[in-house]
Structure formats: C-alpha cells, structure tokens
Amino acid sequence: MAKLRVELFEEAVGQDKFVLGGKGFGLVEMTAIGLPVPPGFIVTTDVCKEYYAQRGKVPGGLFDEIRKEVSEIEAKTGRKFGGSEKPLLFSVRSGAPFSMPGMMDTILNLGLNDLTTERLAQITKNERFAYDSYRRLIQMFGKVAMGADGEHFETILEERKKSAGVKMDIDLSPKEIREVVKEFKEVIRKDTGREFPQDPHTQLEMAVVAVLKSWNNARAKEYRKYYGISEGLGTAINIQVMVFGNSGQTSGSGVGFTRNPSTGEKKLYGEYLSNSQGEDVVAGVRTPVSVDKVDQMLRRELEEVAKKLEGHFKDMQDFEFTVEDGKLYLLQTRNGKRTAQAAVKVAVDMAKEGLISLEDSVSRVEPEMLETLLHRRLDPSAGDKPIAKGLDASPGAASGVVVFETDEAAKVGGSQKIILVRPETTPEDIKGLIASQGVLTVRGGMTSHAAVVARGMGKPAVVGCGEIEIDKERTRFVTKSGVSITKGETITIDGTTGSVYKGEVRMVDPEPSAELNELLGSADRIRRLQVWANADTPEAARKARDFGAQGIGLCRTERMFNAPNRLPIVRAMIMSRNDEDRKKHLYELFPFQLSDFVEIFTAMRGRPVVVRLLDLPLHEFLPPLEELLVHMQELKERGAPAGEIRENELILNRVTELSEHNPMIGHRGCRLAVTYPEIYEMQTKAILKAAMEVAAKGEPPRVKIMIPLVAIAGEFTYLRKVIDEAAKELFKETGSEIPYQVGTMIETPRAALTAGEIALYSDFFSFGTNDLTQTTFGFSRDDVEAKFIPRYLQLGILEKSPFDSVDGSGVGKLVRMAVDEGRKSKPGLEIGICGEHGGDPKSIVLFNEAGLNYVSCSAFRVPIARLAAAQATLTQKKTSSTV
Ligand code: ADP
Ligand code: MG
Ligand code: MG
C-alpha cells in the first residue's frame, strides 16, 4: 500500500505538481522562497489515487493524519480549530496537476459554527463580517459537500436583498444576514435531510471527501476528455488557514499578473477590491480598482512579490492575494495565460533580462499562437456580435459585399470588395475565389475545396456554415436566427474564429512586432530544417519571402489553367480529337504560363522554386455532368438551334468519357502526362524560358521541375525524357541554357516503397503527404472529415485526424523508409515535404527526425514552421542527450 501522504507546505519542497497538484505546488514553492503564504497542508494526489483504487473508500488513517497536521498548525499559530478564543478557520481547495474548472469549488471559512461565529463577531467587533463568513460557508458547504441545491441559496439571498431594498450582499445588515443563515440551514435540512454539521472536524472530513469525489464528477470527466488529461492523475487537496479580506476597509482581495497578459508589457497588472473575499474580484459583485490605483505601500509590496515570483518561476505569473488588516498574503500562483502578442514579448524580454536562455525563449511560445499575429484581424474592441458560426477554415478577416455566383464574382471582384458565398466550391469556382476577399460556404469541412484553396491563397474562409441557408434563387441567405442578408449587402467573415458578421467590422492590420522578428531570428539560428512555402501566385510568393521562406517547395500550375481567360483554351484543348489540335490549343496557353513563371521567379530572387507540372484530372476543367444534363434539357425545351445542342452534346460526351468513379486515384498526375506528354513539354518550355528571361536581368532562379503522383520508376524515366528533350529543344531554339533539376513527388505508397529505385533517376524528392495519407489509408480526404473521422476520434480508433497531423506509425514510417532508401541510392539527395502537414508543428517534429532538408507550407504558416522547426531541434537535442 502506498504511504499516505499529507504534508505541510514547508515539508513538501522539491516535489512536483503531479504529486502536489498545480495549486499546491505554487503554495509550496512560494512558502519556500519566503513569501507570506498562510500556513497549510496538502493531501497529495496519491491519496486520491488510492481512494479510487479502493473503489471510493477513504484510505484508513487519512483523517488521523489530517488531525495531526491540524494540531501542528494550531501549535504554530497559537489558535484552535473551532476554538472559542480567536478561532482558526480553514479553506479546502481542490488542486489537480492541470487546472480543471470542472472540479469542486473551494470551500472557505471552514470551522465556523454557531459558537465560533459569535466569538468571531465579538473579537473582531464586526458582526457583519462574522455572519457574512458563516453565510458563505453554509452556502458553499451545503452545495458542494452535502448536495443541497445551489439555486435555493441564491433565491433566498436575492429575495432578502429585494425586501431590504439593497443591491449588494455587503449592504445587508447583520440582522438580515443572521436571518439568511437561518434560512440557509433550513435549505440544507430540506434538501438533504441532514443538519449543517457544527463540529469543525466533521466539516473538514466531509469537505475532503467532497474533493475526492469531485475528481470523478461528470463535468470534470468531460473536461479531461476534451483536453486529453489522463484519468489516472488524481487531484490533491489544499487545506489552508483562512485570512480575511472581508474584515473591513484595510482589508481586501485581488488578482495580479507580473506583466500585462494582453500586451506583455513589463508592468504589474491586476485588480483589487477592498473589503472582499475569495471570488468577489472576478465575480464582479462590485467594480474592483486597478492595482495602479491601490495605495503606494501595497503597490510597492506587490511589485516586490512580482519580482520574486518571476525570479523563481522564470515565467510570467498570475497570482491571487489577500490583505487582512493591512497585511499582505499570497494565496495562489501559476504561469499566466496570455495572448499571442504577450507570449512573444514576454519570451523575448525575459531572455534579454537574462531570466531565461535564448533556447528557452524559443521553446516558450506555442507556434500555433503566431497564427493570430499574421493576419488582418477584427479589432477586438469593436464588440460586434456574430450572426452565424461555421468552421474556422482559413484565418484572417475580410469584409465585402455578398456575391453568390462565381462568374459574377470574377466580373465585379476587380472593382469592389466581395465575399463569395457558395453552398460549397469546386475547381470551377477558383476564378471567383481569386476575385474575392474571402469565402463563406454552407457545406464542407476543414479540408474541403474552399478551405484548402483559401488557405493556399492566404484568404479568410469560413466553411461548413450550416447555420445559414441560401435561397433557391440565390438572392439572399438567412441565418438560423432569422437574419436575412441579400445579395450586395456587406458582411464580414472571421476565418480565425469561424464567425460571420453583418456589415463591416473594424479591423486592425497585422504588425509583425519587433519582438516577433527577434524571436524568429533566434529560431532561425537554432533550427536545422529549412522552411519553404507553397505559393501558386506571384503575390503569394512575395508574401512567403517576406515571412522568411527560403524557397518555394510547391508551385502548382493548375490555377494558371483555371484563370477565366484561360479556361476556354484549356477546354478547347480537352475537346480536341487529335494531337495536332491539342498541341495548337496547348501552345495558346504558353504565353500565360510564361508570364506567371517570370513573375514568380522574379519574386523569389534566386531562391529555389519547385514547379509541379499539371496534376489535376482533365474533367475538373469541364463543367460538371449534372450541370450539362440540366442545360441540355433546357436547350431542348426552348427549342434551341441544332448547333447549340450539338455543342453541348459534344461536351457532355467528353465529360462522360472522362468521368471516373475515383478520380483521386484515376487518370491524373503523371499518368495523364504519359498519355498526353505534350502538356509537360509545353509547361517545361514555359518554365525554362521564363527562368532564362529572369536570369538575363538579374539573379538566376534555381528551377526544380516536379512530377506528381509517380508510382513506378518507369513513369518517371519516361517523363524525365520528355522534359529533358523539351529543354534541349528550347536551348537549341534560344541558343542559351539554364540549369534545372527534375524531381518527383512521393505521394503513393509504391513510390515510397521503391524510393531507392526512383532516386537513381530523380534529382530530388518531395513528399506530398496529403495524397500519401489518402492513398496509405485508402481514405478519400473530402469525405473523411464530415462523415466518419469524428466517430473514429470519439471511439479512440484515431487520436487525431491524419490530415491535421501526419500519422506517425503508418505514413511516417513510409516517409522514414523512403528517405533512407532514397539516400542509400543517392547520398545527399535533397528531400522536402510540401503537403499541408509542412506547417503543422507536431508533424514538423517527425520530419525533422526523419532528416528532411525542408518543409514547405502556405505562406502564412512560414513563421509558425520556423518556430516549430527550432523547437523540434531543441527537443531532438534534449532526447538524444538523455538517451
Ligand atoms: P480557484 O481554483 O477557483 O482559483 P481557489 O482555491 O483559488 O479556487 O479559491 C477561490 C478563492 O478563494 C480565491 O479567490 C482564493 O484566493 C480564495 N481563498 C482560497 N483559500 C483562501 C484562504 N485560505 N484565505 C483567504 N482566501 C482564500
Ligand atoms: Mg484561485
Ligand atoms: Mg498530390
């Protein structure tokens, strides 16, 4: 049997928060560094664990041990628990290793009974204070330890205030509070069939049992499940001598932060409320004052405390204090929650102050937090209320007028700010997305088309917003709560929170602060992994470079085909019945491709750019089958000319021909290029010609041509020949040359399995982990999130969506294997990853360990990846030095 552990604050020094709980740990440490903490003791988490190991039986001897500690404190303070001379009172506070709002409320003033309350009133000559304390005890104890209905107490208090004609508890007269006490006792009697216990030790024991039980109440369990806190940790119990902030005007209670939690500014921050106890400050019973305004003496004392706390805990602290008759006591401390801005500033400042190392400062900031600092965002002080909520698919905020049709968006988007609102989007809608400030969809998950495209473009998106309904005529949408927004009306969407607002909400620009740049600078010096960006447009490429991208790891060429002035040509090409026709149309696209690449290479100023050749299946460039069928019906019904009908029929036939059951694993990527090599031939020439043009003017770009979806080395060698021959032809035509590389994506399991062979011919690898995840699991990404992943997560079949964080044991294994095999064939082979996982901090740890050269992610995630890569290096160092 584990030894029962009940320990005084001063005895427990050196033990961690898993034994002492978070609150207990803070109290023990503060006691040890000589801060004024009211004495007390801790029933450790071991006791709680044993309580549950014995199926809810209080471990034998526990109450004796508690009594022993109580007598020690009695001896130390010269007062008696429940005694009639200067009674000693306790608070009983739960305290799990991680802060858990779902658990038991703290019980204050334990030890008061009819007798001691009377004594307290006499000694303090403050009857109101004594009875107010007693009233609070009965209320909290009745509810938490005896199971009385909390509302019954509230009602009595409310009615009493009403009949006395006062607003606040504090204004009730002692006589009235005595009445309340009587009624409260009556509530307990009625609700529980028992009396409020007069014996202090009985009170204490019941409170201890209540804390033990609260570890397993429904709210606490729910909370643990949500935050992934282990069921086995157990809670500790803190039993601490009461100090009284409610004993008069020279008393009070407050909360403080050692620095400003919202800006990070190094200045004491907090609030204080005189003549108050416990939660009064936060509960808003009266308006507290800022610690700036408390009297000089107290302020100076609090500043001393803040300095001591930071010196010891090496982090910004959030602390609770109480003043009793002018004497300051500390009741709690923990690392303070803070905004992203404050997190960055505090980490950088503390390193400068010499409080922590540079490495520590880099580890301090959660990479994901940076997200909010890099996008235009709603002014937090604007105070508008959302009219609907959807999924926060792509961060940032945007305002614009509502447009429902893609064609219209493309038309008016140039001259006014618009928000595209669609049931969902398809590749057809790209032109509308390009023309809009942001997108709102009714259906679709975090990996839906709209979400992925918007993230890639760095535009805000709210998707899967089932709370709105678009009417059939597409002239307006209506929210669940009945707000109607018609076409042309202005709305604001916030992709960081998934909220939709009526009208234009005030916004603030992201200012990458000096501190953020400093922090990222430190991260850059630490990390081994390079960070590149996925960017399809010159605009995105420039953004990526500004955010510190060292190259472009994925430049998709589909968008270039999708632009409104190009799609008709692409369609004509697809409709071609012979090679000659096809080639003719294909080369009409050449000038467009050329100018796109020139801009992107120019933007990247000599940094590497990986251009992926066409990957999409052809049918995605044609109208959907359903649409054509409906259109055909219409044409016939209105007796359209035969020519028009014939034309629609031709498209319909081609779409039927191209349609596949599983287009994701169908005729696309390199497979399509093996059928129509002229597509890659044209693209290669456009890329290299652009590179030569840019090189002639300035820094020569580092061109890397990438073939998608390879599964067989033979596919790669065939297409490499197509590319090399196109290059040779171009070089001959132009009479000059430029170096280039040809590499492959590794995004099928077979490519990973045969990486050793493919590496013989390929100049580089880039993992396409989105498709590699789909093909490894055999999941279709578009169906996954809404349809069955939630159930898998709920049942624990999966811990996390493999599209959010790379699946370590499956997909990760393929990655590691392909890296090893590839480098065995070709030492020093350059390997990166360009799937969306490239911007996920957890996945970055895996990629770092696998020995990749770089991760590539969307421009807006580049700073996040820089920080995460540095943290990955630090963790790797730590684990390898402890092994
Ligand atoms: P929480 O976990 O909600 O912060 P706490 O255990 O910190 O709960 O207690 C709630 C309130 O009671 C806090 O304001 C705290 O400062 C106050 N409190 C707790 N113990 C004492 C005590 N011994 N003397 C005076 N106030 C106390
Ligand atoms: Mg607290
Ligand atoms: Mg792919």
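All ligand and atom numbering here is 1-based and tracks the order in the structure. Remember, predicted model here, so these are calculated numbers, not experimental data.
- When the options Leu108, Leu110, Val241, Val243 are ranked by their closest heavy atom to atom 23 (N) of ligand 1, first place goes to Val241.
- By the 6.0 Å and 45° rule, Lys327 stacks over the aromatic ring of Tyr329.
- Inclusion of Gln332 in the first shell of the Mg ion (ligand 2) is supported: an N, O or S atom falls under 2.8 Å.
- Annotation: atom 19 (C) of ligand 1 to nearest protein heavy atom, Arg93 NE, 3.3 Å.
- The protein heavy atom nearest to atom 9 (O) of ligand 1 is Thr106 OG1, 3.3 Å.
- By the 4.0 Å N-to-carboxylate-O rule, Arg364 lies too far from Glu515 to be salt-bridged with it.
- Ranking protein heavy atoms by distance to atom 17 (C) of ligand 1, first place goes to Gly278 CA, 3.8 Å.
- Atom OE2 is the N, O or S atom of Glu320 at the shortest distance from the Mg ion (ligand 2).
- The nearest heavy-atom contact from the protein to atom 11 (C) of ligand 1 is Glu279 OE1, 3.6 Å.
- Contacts of Met242 with ligand 1, taken as heavy-atom pairs under 4.0 Å, involve both backbone and side chain.
- Between the side chains of Asn113 and Gln203, no donor-acceptor pair of N or O atoms lies under 3.5 Å.
- Closest to atom 26 (N) of ligand 1 among all protein heavy atoms lies Leu331 CD1, 3.3 Å.
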**Study point:** Worked verdict on Glu72 versus Lys76 for salt bridge (charged side-chain N to carboxylate O under 4.0 Å, His left out)
**Key:** CA-CA 6 Å; Glu72 284 216 31; Lys76 213 185 320 192; 6.0 Å; no
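- Shortest contact from atom 13 (C) of ligand 1 to any protein heavy atom: Glu320 OE1, 3.3 Å.
- Within the 3.5 Å criterion, the main-chain N or O of Ala121 finds no donor-acceptor partner in the side chain of Asn126.
- Between the side chains of Ser363 and Asp360, not a single donor N or O lies within less than 3.5 Å of an accepting N or O.
- Counting only heavy atoms of the protein, atom 1 (P) of ligand 1 lies nearest to Lys23 NZ, 3.6 Å.
- At a heavy-atom cutoff of 4.0 Å, ligand 1 is contacted by both the backbone and the side chain of Gln240.
- Checked against a 3.5 angstrom limit, the closest N/O atoms of Gln332 and ligand 1 fall inside it.
- With hydrogens and angles left out, the side-chain atoms of Tyr134 and Gln139 include no donor and acceptor closer than 3.5 Å.
- Side chain to side chain, Gln122 and Arg119 meet the donor-acceptor criterion of an N or O pair below 3.5 Å.
- A donor-acceptor pair is defined here as one N or O able to donate and one able to accept, closer than 3.5 Å; no such pair exists between the side chain of Ser94 and the backbone of Ile237.
- Ring planes of Phe81 and His201: perpendicular class, angle over 60° (limits at 30 and 60°).
- In terms of protein heavy-atom proximity, atom 21 (C) of ligand 1 is closest to Ser91 OG, 3.5 Å.
- Within the 4.0 Å heavy-atom shell around ligand 1 one does not find Gln277.
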